[in-house]
Amino acid sequence: MQSPAGKRRKAGRSSSNLYSQAQYAQRAAQYDLELAPFEPYRAQAIAALELRPGDTVLDVGCGTGLSFAALEEGVLPRGRIVGVEPCAEMLAQARERVNRHHWVNVDLLGATAAEAPLRGQADAALFHFTHDVLRDPAAIDHVLGHLKPGAHVVATGLQWAAPWMWATNAFVLAAALYSTSSLAGLQRPWDELGRRMTGLQVHTAGLGGIYIASGRLAR
Ligand SMILES: C[S@@+](CC[C@H](N)C(=O)[O-])C[C@H]1O[C@@H](n2cnc3c(N)ncnc32)[C@H](O)[C@@H]1O
């Protein structure tokens, strides 16, 4: 039987999932344009995955599939991309992108990261600007449980800069209110991930308002 605390945590997660899906349903059509200023961080994050031809990579909270082209370059010719995305409108954009590029090695799963029907064990996982996912221990456990020993994991996103970086923090506040269901955890957004991996390296960019965390699962 589930404890009252467990029930409260679950209710909290499902209401934040609903809030997040409503947020992204409204943004899906213009999302790619909105993300344009952040594209250099995507390139850095995907480089840190150190993908090899034939790898399978999980793109957790894949949104409209903005990472797919660069992930394809890393895993072709025989690799696979598994995109996990609960917001139907974002997923529809991702599917349209896959069809437009005739990519035949992309599986799209319309589910939250905690509930996605993942199969087998992947070589790498990307959490690119997925703060809500990184605040959900069950989601992280589920994803990490479907990775091979030694798999590369990279997470990127917003974080609070040092307190005196008030202009950066004003930007982080506005961006987080627009794109996450809670401001909780922005001090160390990677910490739940870091608890499960030894030696997660965290780099700061964007005047302190962006982090790139990367590491490998234990072998
Ligand atoms: C800021 S967008 C990032 C999208 C994509 N990773 C990118 O880099 O463009 C955050 C995405 O995470 C998705 N998301 C939110 N909660 C999630 C959850 N519990 N599991 C999986 N994805 C989730 C949202 O629907 C949204 O598409």
Side-chain angles (χ1 to χ4, degrees), residues 9-49 57-71 81-98 106-118 124-144 146 153-159 172 174-186 189 192-193 205-206 209-213:
R9 267 201 305 278
K10 194 159 185 216
R13 270 207 303 276
S14 53
S15 63
S16 72
N17 283 338
L18 289 176
Y19 179 78
S20 167
Q21 286 172 45
Q23 262 180 326
Y24 284 98
Q26 290 187 346
R27 293 181 60 186
Q30 73 277 7
Y31 179 82
D32 291 5
L33 273 179
E34 293 175 358
L35 260 277
F38 298 94
E39 288 309 303
Y41 307 118
R42 185 186 308 281
Q44 284 181 47
I46 293 174
L49 284 172
V57 56
L58 308 181
D59 186 356
V60 184
C62 68
T64 63
L66 275 174
S67 295
F68 291 171
L71 295 176
I81 299 170
V82 179
V84 177
E85 173 54 51
C87 171
E89 290 79 0
M90 296 291 271
L91 191 69
Q93 299 277 337
R95 185 160 289 123
E96 195 276 324
R97 186 187 306 275
V98 169
V106 182
D107 299 322
L108 293 175
L109 304 178
T112 63
E115 292 171 346
L118 300 171
L126 175 66
F127 298 83
H128 192 66
F129 283 78
T130 56
H131 185 71
D132 288 338
V133 180
L134 292 174
R135 299 327 297 160
D136 181 353
I140 298 175
D141 286 338
H142 185 58
V143 172
L144 298 192
H146 284 84
V153 179
V154 175
T156 26
L158 298 164
Q159 66 174 0
V172 170
L177 287 173
Y178 187 51
S179 55
T180 70
S181 65
S182 159
L183 301 180
L186 283 171
E192 290 288 347
L193 196 54
I210 304 280
Y211 71 90
I212 301 176

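Order of appearance sets the numbers: ligands from 1, and atoms from 1 within every ligand.
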May I ask you to identify, for [X], whether its side chain, its backbone, both or neither come under 4.0 Å of ligand 1 on a heavy-atom basis?
X: Asn17; value: side chain
X: Ala114; value: neither
X: Gln21; value: neither
X: His128; value: both

Looking only at heavy atoms, what is the nearest atom pair of Gln23 and Leu177, with distance? NE2-O, 3.4 Å
Numbering as shown, the atoms of ligand 1 that approach [X] to under 4.0 Å (heavy-atom distance):
X: Cys87; answer: 25 (O)
X: Ser20; answer: 15 (C), 16 (N)
X: Thr112; answer: 19 (N), 20 (N)

Derivation of the side chain to side chain contact (heavy atoms under 4.5 Å, CB included) call for Leu35 and Arg27: CA-CA 11 Å; Leu35 260 277; Arg27 293 181 60 186; 4.0 Å; yes
With side chain to side chain contact (heavy atoms under 4.5 Å, CB included) as the test, would you mind laying out the steps for Leu186 and Gln159 before giving the verdict? CA-CA 5 Å; Leu186 283 171; Gln159 66 174 0; 5.6 Å; no
Listed once per pair and sorted, the salt bridge (Lys or Arg N to Asp or Glu O under 4.0 Å) pairs that draw on residues 127-139, sequence neighbours left out: Arg13-Asp136, Arg135-Asp191
When you measure from [atom] to every protein heavy atom, which one gives the shortest distance, and what is it?
atom: atom 18 (C) of ligand 1; value: Val133 CG2, 3.5 Å
atom: atom 20 (N) of ligand 1; value: Ala113 N, 2.8 Å
atom: atom 13 (C) of ligand 1; value: Glu85 OE1, 3.5 Å
atom: atom 12 (O) of ligand 1; value: Gly61 CA, 3.8 Å
atom: atom 22 (N) of ligand 1; value: Pro86 CD, 3.1 Å

So for Gln23, does at least one of its heavy atoms come nearer than 4.0 angstrom to any atom of ligand 1? no
So, Glu85 and Tyr24: side-chain donor and acceptor under 3.5 Å apart, yes or no? no
With no hydrogens and no angle check, do the side chains of Asn17 and Thr112 hold a donor and an acceptor under 3.5 Å apart? no
Is there a nitrogen or oxygen of Ser179 sitting under 3.5 Å from a nitrogen or oxygen of ligand 1? no
Would you say Met90 has any N or O atom under 3.5 Å from an N or O of ligand 1, going by distance alone? no
Could you tell me how the ring of Phe38 sits relative to the ring of Tyr41: parallel (under 30°), tilted (30 to 60°) or perpendicular (over 60°)? tilted
Leu109 vs Leu118, test: side chain to side chain contact (heavy atoms under 4.5 Å, CB included). Steps then yes/no. CA-CA 8 Å; Leu109 304 178; Leu118 300 171; 3.7 Å; yes
Taking atom CD as the centre, does Gln26 end up with more than 12 heavy-atom neighbours from other residues, nucleotides or ligands that are less than 6.0 angstrom away? no
Would you check if Leu158 and His131 make a side-chain contact, meaning some heavy-atom pair closer than 4.5 Å? no
Judged by heavy atoms only, the candidate from Phe129, Tyr24, Tyr31 nearest atom 9 (O) of ligand 1 is Tyr31
